[in-house]
Q: 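Please find one structure pasted underneath; my questions will follow.
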There are 4 protein chains.
Amino acid sequence: MPRITPEHREARRAEIVAAARRCFSRDGFHQTSMPDIATEAGVSAGAPYRYFASKEEIILAIAGDAFRLVFGPVERLAATTEVASVGDLVAAALDALSAETVTDAAGRAVPVEELLRCAVQTWSELLRNEAVRARAVEGFESVRRGIADALRRGQEAGAVLSTVEPERGARVVMGLLHGFLLQRVAFDLTDTTGFTDDIRMLLEG
Amino acid sequence: MPRITPEHREARRAEIVAAARRCFSRDGFHQTSMPDIATEAGVSAGAPYRYFASKEEIILAIAGDAFRLVFGPVERLAATTEVASVGDLVAAALDALSAETVTDAAGRAVPVEELLRCAVQTWSELLRNEAVRARAVEGFESVRRGIADALRRGQEAGAVLSTVEPERGARVVMGLLHGFLLQRVAFDLTDTTGFTDDIRMLLEG
Amino acid sequence: MPRITPEHREARRAEIVAAARRCFSRDGFHQTSMPDIATEAGVSAGAPYRYFASKEEIILAIAGDAFRLVFGPVERLAATTEVASVGDLVAAALDALSAETVTDAAGRAVPVEELLRCAVQTWSELLRNEAVRARAVEGFESVRRGIADALRRGQEAGAVLSTVEPERGARVVMGLLHGFLLQRVAFDLTDTTGFTDDIRMLLEG
Amino acid sequence: MPRITPEHREARRAEIVAAARRCFSRDGFHQTSMPDIATEAGVSAGAPYRYFASKEEIILAIAGDAFRLVFGPVERLAATTEVASVGDLVAAALDALSAETVTDAAGRAVPVEELLRCAVQTWSELLRNEAVRARAVEGFESVRRGIADALRRGQEAGAVLSTVEPERGARVVMGLLHGFLLQRVAFDLTDTTGFTDDIRMLLEG
DNA sequence: CATGAATGAGCATTCATTCAT
DNA sequence: TATGAATGAATGCTCATTCAT
């Protein structure tokens, strides 16, 4: 019989992840030391190792979150939204990405800004870390499939041109979303509405 | 009087940069040590310090190259191309990004793949390195201006909708280019033609 | 009044010692962690500390066992055997050391192989651990005295040369026993009979 | 062209080995930290890593020395001595082991006491370190062969019983030598002459 | 009594950088 | 100039031990 409840354990783990996310967001994966994370979490130097076998596992957990949480609203939207034009779809997705926080599986609010800063670093990491890459690709494909479905439904409803191939069209939409995210987090271009309007303009004339 | 000619010195510097680029592309900025770079360049451990004050300066040099060289062809294209539709512009840009190598200021061929892998890492780096950020923003704005000009010329020629605001429209085009580059280098989606066709389809119906 | 009986307590302690012995034999004193021992014993991480104040105390207990148990049969033999030649004595001792298991004070069977592997490590340990040294010396001297007595009885019976000084002759016999044990456990030379025959040959011509 | 001569490099390496030997002899392999070794050698914490890839490599080097140097005189003796009785052979060997120092390949004097204390620890180490074991077995077999040869020559000269099988007789002699070394270093029994006399007495009546 | 979570000092190792030659 | 040996601070990680429950 454990001395702490599974809930407590889960909460402690979440605190460490949150601390790591703050550190990574602020200083980067490689400029953050394990003692930094422990200090930020207010625990001892050894404590994180009771929840993660290595620093890489923490990075992996956060890389997974970055994709899952950031694109969670987009996926839900793509699955449920009324059939709409491509412009509507992109606009709705960017809108979903513009919240201050998103909610994780346990209902905790996670700052989108932190997640995005970690997500960009994940792109570097997946270049030579197979575990990170696998998680990123899985997240990417999941969102892409969701968007492709939405495009398909749009075509059935006549709101999307039937000449667009949904799978490939979804790739272009993903490109726009990633492109926007990069501009927002790395180049401080945070004007979502303007970007959305411009896309509509280009797409719909 | 110098014991080595400026040309020799410049060539030696370029060798070190090229070695660093190979290492960074293969192993990442932070998994590459200065001795690694020296070894890859076939010089002594101290040699790089005669050309760069620190590892950060090498990263900075390569970050600058990554943006300048990758987007150089796009800029030239935006400046010189016959006025065209937005689809044409994007297609031409992606086409330019699909070469095996680009040529640096001294006429040396530089593998695009290496540059792109460094560029993605630069996005991480600029999050907390002001010097890298400055260089990246400078490159970004330069390309964006070029594209905006091209859009303006397109509007004058009637090939681009006059309702598009060139500066902001250029931002969307940059988003598409970055989104494509990320997919190519991080998610192995290398089908340029398909991507281009899909963009055209979405843009032009 | 205790919640567990002394018997239970003693049994639990013996389990921990046995687990530690297996770990030490397999991985060495210093490559075995306290959690390793607890896991091997199937108890909690804190449990060993209710029976031993420190890891060193466990090592000490096992060091004592190593000498006491390994040489127990030799001592009994030296005390009880019919007077015999030196060759007989050594042969009988090596024979006693060749059993699969020996029996501890509480009647538990303990694998000789494990004890020997711990004994060899004890030789290292006693070089700088006074407590271990004391226990080892005590065991050594006890066995040596037993062998000296046997030699004395042999001399009285005319089976051992009267010119042999028993105390010092016993030291040579101990050297042979230790030398054999080392060869067996460290150099995989397990041919007891051959070794015995050769000793006889050398001793008795 | 190296900045230090190979001689200087070799000397530096030898200093580090000597420092490690002192530390290991005093505190044991596992109680000695790499910083301890560096401090003892009067060099920086990183310096040993320019000569040895890891702590294990230092242990390995010293394990090799322990066997080679300690038994070097014995091997030379076995190879060159006038044919003699087994008692003479053992006596000469123990005599050779009783010097204060032995000389390594480069002519440096190495304290025998230190080597022996390291040798005893090597017996522990070889139980679970294949590299150490290989080196130890190689040294053991080499000496044993030398002793077997000496026995064979003794038999030819009529000084050793022809019924003794040299290879196996050599094993008994090795047992006596190891047994003596253990007593000397671990049990403070340093009286070589007494031990020798007793062996003679037992062997030759 | 027993548990196992938590601690925090300690360790092996790396690496950016310096500087005597 | 160029070399490469040396430095030493910093890092990821382990583990003996404690103690609240």
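In the text below, chain A, chain B and the rest are named by the order of the sequence lines, each starting its count at 1.
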Q: Nearest to the side chain of A:Ser54, heavy atoms from C-beta on, is which of E:dA12, F:dT11, F:dC13?
A: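 Given the options E:dA12, F:dT11, F:dC13, the side chain of A:Ser54 is closest to F:dC13.
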
Q: Taking only N and O in the side chain of C:Ser44, is any of them less than 4.0 Å away from OP1 or OP2 of E:dG4?
A: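 Indeed not, no polar side-chain atom of C:Ser44 lies that close.
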
Q: Can you figure out which of F:dA5, E:dT13, E:dC1 approaches the side chain of D:Lys55 most closely?
A: E:dT13

Q: Between B:Glu125 and A:His30, does any side-chain donor sit less than 3.5 Å from a side-chain acceptor?
A: no

Q: Over how many whole Å does the gap from A:Phe29 atom CZ to F:dT11 atom P extend?
A: 17 Å

Q: Between CG of C:Asp65 and CZ of C:Arg135, what distance do you get to the nearest 0.5 Å?
A: 8.5 Å

Q: Can you tell me the distance, in whole Å, between the CZ atom of D:Arg9 and the P atom of E:dA20?
A: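 So the CZ-P distance, D:Arg9 to E:dA20, works out to 21 Å.
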
Q: May I ask you to say what D:Thr32 touches in the nucleic acid, namely base, sugar-phosphate or nothing, with a heavy-atom cut-off under 4.0 Å?
A: sugar-phosphate

Q: Give the nucleotide from the list E:dA6, F:dT17, E:dA12 with an atom nearest to the side chain of D:Pro35.
A: E:dA12

Q: When you match D:His30 and A:Ala45 each to their closest nucleotide on DNA chain E, which lands nearer the 5' end?
A: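 That would be A:Ala45.
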
Q: Return the value, rounded to whole Å, for the distance between atom CD of B:Gln31 and atom C1' of E:dT14.
A: 13 Å

Q: Distance check needed: E:dC11 C1' versus D:Glu56 CD, whole Å only.
A: 16 Å

Q: Between E:dC1 atom P and C:Arg13 atom CZ, what is the distance in whole Å?
A: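 Result: 15 Å.
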
Q: CD of B:Glu56: more than 12 outside heavy atoms within 6.0 angstrom?
A: no

Q: Establish, with yes or no, whether the OP1 or OP2 oxygen of F:dT1 is under 4.0 angstrom from a side-chain nitrogen or oxygen of B:Arg12.
A: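 No.
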
Q: Given F:dT7, E:dA12, F:dA16, identify the nucleotide with an atom nearest to the side chain of C:Ser33.
A: F:dA16

Q: Should B:Arg50 be listed as having a side-chain N or O under 4.0 Å from OP1 or OP2 of F:dA2?
A: yes

Q: Any strand is fair game: report the nucleotide pairing with E:dT21 by Watson-Crick or G-U wobble, both distances under 3.5 Å, or none.
A: F:dA2

Q: Please determine whether side chain to side chain donor-acceptor pair (under 3.5 Å) holds for the pair B:Thr39 and B:Asp36, giving the CA-CA distance in whole Å, both sets of side-chain angles, and the decisive distance to 0.1 Å.
A: CA-CA 5 Å; B:Thr39 301; B:Asp36 287 343; 5.8 Å; no

Q: Using a 4.0 Å heavy-atom cut-off across all strands, classify D:Phe52 as base, sugar-phosphate, or nothing.
A: nothing

Q: Within the 4.5 Å heavy-atom criterion, are C:Tyr51 and C:Arg12 side-chain neighbours or not?
A: yes

Q: In this structure, how many angstroms lie between the P atom of F:dC13 and the CD1 atom of A:Ile37, rounded?
A: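 Rounded to whole Å, this separation is 10 Å.
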
Q: The side chain of C:Tyr49 lies closest to which of these nucleotides: E:dT3, F:dT17, F:dA5?
A: F:dT17

Q: So, OP1 or OP2 of F:dA6: does either fall under 4.0 Å of a side-chain N or O from D:Tyr51?
A: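 It does, given that an N or O in the side chain of D:Tyr51 lies less than 4.0 Å from OP1 or OP2 of F:dA6.
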
Q: How close or far is atom P of E:dC1 from atom NE2 of C:His8, stated in whole angstroms?
A: 9 Å

Q: Whole Å only: how far is the CG atom of A:Asp27 from the P atom of F:dA10?
A: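 Those two atoms, CG and P, are 15 Å apart.
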
Q: What's the separation between atom CG in C:Asn129 and atom CD1 in C:Ile59, rounded to the nearest 0.5 Å?
A: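 Reported to 0.5 Å precision, the distance equals 7.5 Å.
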
